[in-house]
Amino acid sequence: MPSKTPAVSRRSFLAAGAASAAAISVPASAGSKRPEIRRDRKPLNLIFLVSDGMSTGTLTIADLMIQELHGRRSHWWNLFSKEGVRRSMVETASANSMVTDSAAASTAWGVGERVFSGAIGYTPDQRMPEPILHQAKRAGKATGLVTTTTLSHATPAGWACNVSTGRGDESGIARNMMARNYDVLLGGGRRFYTDEVLALGTDYTKVFTRESLLTLGNSRNDRLVGVFNHGHLSYTLDRTPEEPTLAEMTRVAIERLSRNPDGFVMQVEGGRVDHAAHANDAGGLIHDQMAFDDALGVALEFAENRDDTLVIATTDHGNANPGLTQYLRNGRRNFLRLAEWKHSFEWMNRQLADTERTPEDHRRVIAEATTVELTDDELATVMRWRSGERVIPFTELNKDHGPLGSVLANHNGVSFISGNHTADHIEQTAIGPGAGTIPPILHLADMYPVMVSLLDLPPALPSV
Ligand SMILES: [Zn+2]
């Protein structure tokens with residue numbers, strides 16, 4: 001049975017939040033005062049963090065970069081050696097594809113069934129079973145979704161919504177989501193979350209800038225929706241002052257949701273890790289994975305001195321399987337150049353869209369974003385790709401920005417295998433009450449009954 005919230009750790013978490021408006025810093029473990037975590041207990045709260053499309057190589061290169069830049073390991077890496085942690089390898093196939101997409105993956109978590117790629121809360125036999133966040137709400141839990149993509153994107157939607165039209169119907173998903181009155185919704189997608197759609201929810205405080213999110217105050221008890229970009233939030237490399245970081249959104253969401261004495265369930269998504277992997281954008285990827293790790297640090301900081309919160313860090317599928325693959329000093333020197341990148345490929349595209357796209361424009365914009373001066377041969381390859389030519393034998397590696405990523409790998413050492421998701425089994429790391437009951441080998445859909453049981457949720461309605 002759930003226990004009372006320990007007031008001391010809650011106060012220290014809020015105090016840390018007040019000091020963190022400019023930069024999130026997670027203090028070292030308090031160590032001596034931590035209560036013993038009993039592994040047979042059930043969690044009152046669940047914080048489920050998804051680095052979308054995170055290949056194991058992505059986890060690795062972010063950890064390597066954090067060591068180089070900050071002289072410590074990533075929060076995720078540190079989890080592995082904590083007492084009571086449960087690591088699992090997770091299979092991800094959808095009902096019709098060995099290589100899944102995020103909609104089928106999140107729906108597998110959300111309703112416990114394998115569905116067709118692209119489906120949101122909709123089964124192959126055309127049912128719309130109640131998703132887990134709705135069950136949690138019906139059980140009296142506070143509920144939250146935090147993401148760097150549009151709020152109506154596949155990963156938040158698979159836990160919260162049912163549509164027969166699939167993931168592409170973000171307008172329908174946004175309406176469905178708002179009408180269900182989840183307690184905290186933070187992300188992008190103002191183009192779908194219009195004033196009219198936002199009005200479908202009741203009792204919401206609405207914020208549209210980082211500053212208004214971080215100065216909300218602690219006294220408001222109504223629901224919160226924050227939408228900080230027309231589309232997805234910017235990549236970490238391109239972030240504007242109006243946009244909060246994933247860690248900042250996570251902290252505000254936890255602070256509000258944890259006021260509920262009956263506990264909370266939230267999903268946190270680092271959604272642009274997936275987009276950077278599709279683009280073979282090594283700089284965008286590593287900086288967004290590090291931002292995800294900061295958010296994980298916030299969740300662990302909250303959970304650390306209490307015995308009622310299960311924290312799970314995972315992904316929904318691999319993507320493009322990057323890896324640092326140059327030897328010796330050259331490899332390290334090149335890898336460290338990723339720390340100097342100023343902008344993502346998305347930003348580069350916007351600059352080049354406004355010009356006649358001459359080779360010299362490309363050379364200049366690429367240097368501005370990455371500090372890399374392309375050789376004449378490399379620039380020629382980039383221009384052939386830009387003109388639509390297949391420049392790499394494997395077709396799937398010519399997608400998106402594959403050839404640009406491949407050329408830049410000469411300068412940063414990180415190479416990719418395609419512009420697509422992969423069928424890799426994925427890492428799931430859980431800590432907190434109930435973690436020890438999670439099977440070490442499972443499919444995404446197998447997590448649903450585990451979460452429902454641990455949270456004591458009522459059986460799902462056959463439809464909502
Ligand atoms: Zn993807």
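We count ligands from 1, going down the list as the structure has it; atoms in each ligand are counted the same way. Given the structure is predicted, the values throughout are model-derived calculations rather than measurements.
- Take His343 and apply the side chain to side chain contact (heavy atoms under 4.5 Å, CB included) test, not counting sequence neighbours, and it matches Asp238, Trp347, Ala369.
- For the Zn ion (ligand 1), the nearby protein N/O/S atoms, meaning those under 2.8 Å, are Asp274 OD1, Asp274 OD2, His278 NE2, His421 NE2.
- Two rings, from His134 and Trp159, have their centers 6.0 Å or more apart.
- With sequence neighbours left out, Arg175 forms a side chain to side chain contact (heavy atoms under 4.5 Å, CB included) with Glu196, Val197, Leu200.
- Asp274 is linked by a side chain to side chain contact (heavy atoms under 4.5 Å, CB included) to Asp52, His278, His317, Asn319, His421, counting only residues two or more places apart in sequence or in another chain.
- The side-chain tip of Arg190 points at the ring of Phe208 from less than 6.0 angstrom away and within 45° of straight on.
- With Phe80 as the aromatic partner, Arg87 meets the cation-pi criteria of under 6.0 angstrom to the ring centre and within 45 degrees of the ring axis.
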